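Read the numbers this way: they start at 1 and go in the same order the structure lists the ligands and their atoms. This is a predicted model, so every value here is computed, not measured.
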Amino acid sequence: MTLLDIENLAVTFPVQGGPDVPAVDGVDLQVESGEIHGLVGESGSGKSVTARSIMRLLDGAEVSADRFDYRGEDLYAKSEAEMRQVRGDDIAMVFQDALSALNPVMTVGEQIAEVVRHHGDVDESAGLLSELRRKYVTGTRTSAASWRRAVELLETVGIADPEDVAMTYPHQLSGGQRQRVMIASALGGDPDLIVADEPTTALDVTVEAGILDELQHLCDEFGVAMLLITHDLGVVAETCDSVTVMYSGSVMEHGRTDQLFENPAHPYTKGLLRSIPEQAPSDGELATIPGSAPEPSERPDGCPFRDRCPAAFDACSDPLPEHVVDDGHVTRCHLYTEGDDPEVSWDGPTRRASEVNGAVDDRTTATEVTDG
Ligand SMILES: Nc1ncnc2c1ncn2[C@@H]1O[C@H](COP(=O)(O)OP(=O)(O)OP(=O)(O)O)[C@@H](O)[C@H]1O
Ligand SMILES: [Mg+2]
């Protein structure tokens, strides 16, 4: 079943005294129930804006879409009160920086307990006497059942001594522990979907691997779906069932992870794959894509990637097409209107590219070596 179904999402930020910023333009995104869906792309491609549009946390932005359904209901037709309910009970968000997302003056146990209590699936009827004792003797406002659930959740997300950690404040914990706390807090509302915006980007690789494992395991165990935002295709390969590749506000390609990695269709996806050690061609060097993405207000007409694409040709200034590569695997590249298996060479500008765009002649490849 499709949990989240977004079609043709556009998000524009009005800017006083300057041109508006069309941050996201024509994005389709589907997340199936129970799956981990990766949303990948370079910095500035619109991943966080897309994520926040799902929580309706885009103050001041103009948001439009042909469809924006969660469980078949239009999220943008809901009242703010109904939306608060969705944020508490249905969709939870995990951010990159737990230190700023968590409350600094509340123990982590209390914070998780509050989510649990708000969700309302614990029996808090401990009796007036014990309520009073808890409040005035122990000094904690948190009631017994939700506190127990909080400790349980800390254990669930792999915290070694949950009872002790529950009583600490966010700044007393390591970065990895804080991310786990935020995940526990997200699970406290028993959501069907977790939107995780680069949840492990700030951590070192071993801690990252542990947390990604945990997330995968939790999604399996609780049947929770996740939209996992990352700029790292290696993370997608390890963790995700399917993936949407974004570039400069648009979707370039989407499909199941195996389809995308075995048979990448878009030149941008092919370029990204060359930059991860496991996927680069054995004879080639690890290389990032030369150049950088345009600012939203300076995007060219048609395909936003065309100025960096080694296979760009005349048609690329036309609106993005949609080409079905395989069942569930779609690319938005003009090359496919001509035939099914166009040649894309990342080993240097192709003739077609240099014919169309003089600027590509001095483009170099393998400018930077990334290692994992
Ligand atoms: N509040 C805002 N006002 C104006 N422009 C914004 C605002 N928020 C985001 N943008 C612009 O929207 C575009 C997409 O930003 P977004 O944060 O979604 O990128 P991202 O893919 O999450 O990048 P990163 O990997 O760096 O997190 C960027 O050009 C950004 O500058
Ligand atoms: Mg972001």
(message) Test your reading of the structure: does Thr50 have an N or O sitting under 3.5 Å from an N or O of ligand 1?
(response) no

(message) With respect to Ser45, determine whether any N or O atom, backbone or side chain, lies less than 3.5 Å from an N or O atom of ligand 1.
(response) yes

(request) Using the six-membered ring wherever Trp is involved, compare the ring planes of His171 and Tyr169 and label them parallel, tilted or perpendicular (cut-offs 30° and 60°). (result) parallel

(request) Return the orientation label for the Phe313 and His334 ring planes: parallel under 30°, perpendicular over 60°, tilted otherwise. (result) perpendicular

(message) Could you check whether atom CG of Asp327 has more than 12 heavy atoms from other residues, nucleotides or ligands sitting under 6.0 Å from it?
(response) no

(message) Regarding atom 18 (O) of ligand 1: of the candidates Val40, Val49, Val24, which has the closest heavy atom?
(response) Val49

(message) Can a side-chain donor-acceptor contact be found between Thr2 and Glu32 if the only test is distance below 3.5 angstrom?
(response) yes

(request) Decide whether Ser248 and Arg299 meet the rule of one side-chain donor and one side-chain acceptor closer than 3.5 Å. (result) yes

Starting from [atom], locate the nearest protein heavy atom and write down its residue, its atom name and how far away it is, to 0.1 Å.
atom	answer
atom 28 (C) of ligand 1	Gly44 O, 4.0 Å
atom 25 (O) of ligand 1	Lys47 NZ, 2.8 Å
atom 5 (N) of ligand 1	Phe13 CD1, 3.6 Å
atom 26 (O) of ligand 1	Ser43 OG, 2.5 Å
atom 27 (O) of ligand 1	Ser48 OG, 3.8 Å

(message) Can you tell me if, anywhere in Gln96, an N/O/S atom lies at a distance from the Mg ion (ligand 2) that is smaller than 2.8 Å?
(response) no

(request) Go through ligand 1 atom by atom and flag the ones less than 4.0 Å from a non-hydrogen atom of Pro296. (result) 29 (O)

(message) Looking at ligand 1, would Gly41 count as a contact under a 4.0 Å heavy-atom criterion?
(response) no

(request) Please confirm whether Arg52 comes under 4.0 Å of ligand 1, counting heavy atoms of the residue only. (result) no

(message) Any carboxylate oxygen within less than 4.0 angstrom of a Lys/Arg side-chain nitrogen, looking at Arg71 and Asp192?
(response) yes

(request) For atom 30 (C) of ligand 1, decide whether some protein heavy-atom distance is shorter than 4.0 Å. (result) no

(request) Check whether any protein heavy atom sits under 4.0 Å from atom 21 (O) of ligand 1. (result) yes

